[in-house]
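Notes for the one structure printed next.
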Amino acid sequence: MLAVECHLHRKHVPPWCYISIRDPDQIGKELAPGEGAIAVLDALNTSYPGFLLTDDVGDVETGTCGCGRTGQVINFRGRGPGGGLGHCPVSIERYLGSGTTAHDEAAALVKA
């Protein structure tokens with residue numbers, strides 16, 4: 001659960017979270033504005049990881065909603081290519097210090 005849906009069916013991001021939309025081809029690059037891979041930074045998270053790159057695709061808006069809430073509103077568009085392949089924390093731990101990335105393995109799994 002990330003967002004709270006208002007009566008206007010808009011999904012509001014809580015103020016302790018930040019949604020970053022990333023370029024799917026260059027995950028290190030943040031898009032503003034634009035549609036891309038959804039990454040979440042949770043400032044209240046007390047365990048690893050506090051920053052998650054999801055397999056979801058969407059965009060984010062900032063401003064005041066018709067319901068009166070302010071802040072980020074997230075618009076989910078669907079799953080990205082290779083959805084579910086290698087972005088969970090268990091998979092990430094395998095790559096720490098190995099020189100291999102989850103993105104490399106995802107491409108190999110899609111070919112298989």
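Residues L8 and V4 do not share a hydrophobic cluster, clusters being chains of Ile/Leu/Val/Met/Phe/Trp/Tyr side chains in contact below 4.5 Å.
Here R22 contributes atom CZ and K29 contributes atom NZ; the two are 11.5 Å apart, rounded to the nearest 0.5 Å. The line from CZ of R79 to CG of D56 is 5.0 Å long, rounded to the nearest 0.5 Å.
The two atoms that bring G36 and L31 nearest to each other are CA-CD1, 4.3 Å, heavy atoms only. For the residue pair D23 and D25, the shortest heavy atom distance occurs at OD1-N, 2.9 Å. For the residue pair Q72 and C17, the shortest heavy atom distance occurs at OE1-O, 4.1 Å. Here the shortest heavy-atom pairing between A37 and I27 reads CB-CD1, 4.3 Å.
A 4.5 Å side-chain heavy-atom check between T64 and R69 finds every atom pair outside the cut-off. Between V40 and F51 the shortest side-chain heavy-atom distance does not fall below 4.5 Å. The side-chain heavy atoms of R77 and D59, taken from C-beta on, include a pair separated by under 4.5 Å. In this structure, R10 and C67 have side chains that are not in contact, with every pair of non-hydrogen atoms separated by 4.5 Å or more. Between I74 and I38, some side-chain heavy-atom pair lies under the 4.5 Å cut-off. Put simply, the side chain of H12 does not reach to within 4.5 Å of the side chain of E5, judged on heavy atoms. In this structure, L41 and S20 have side chains that are not in contact, with every pair of non-hydrogen atoms separated by 4.5 Å or more. Between N75 and E61, some side-chain heavy-atom pair lies under the 4.5 Å cut-off.
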**Request:** Report the C-alpha distance between I21 and E30 in whole Å, list the side-chain angles of each, state the deciding distance to 0.1 Å, and finish with yes or no for side-chain contact (heavy atoms from CB on, under 4.5 Å).
**Result:** CA-CA 6 Å; I21 303 299; E30 184 173 29; 5.7 Å; no
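In the hydrophobic clustering, where aliphatic and aromatic side chains (Ile, Leu, Val, Met, Phe, Trp, Tyr) are joined below 4.5 Å either directly or transitively, V73 stands alone.
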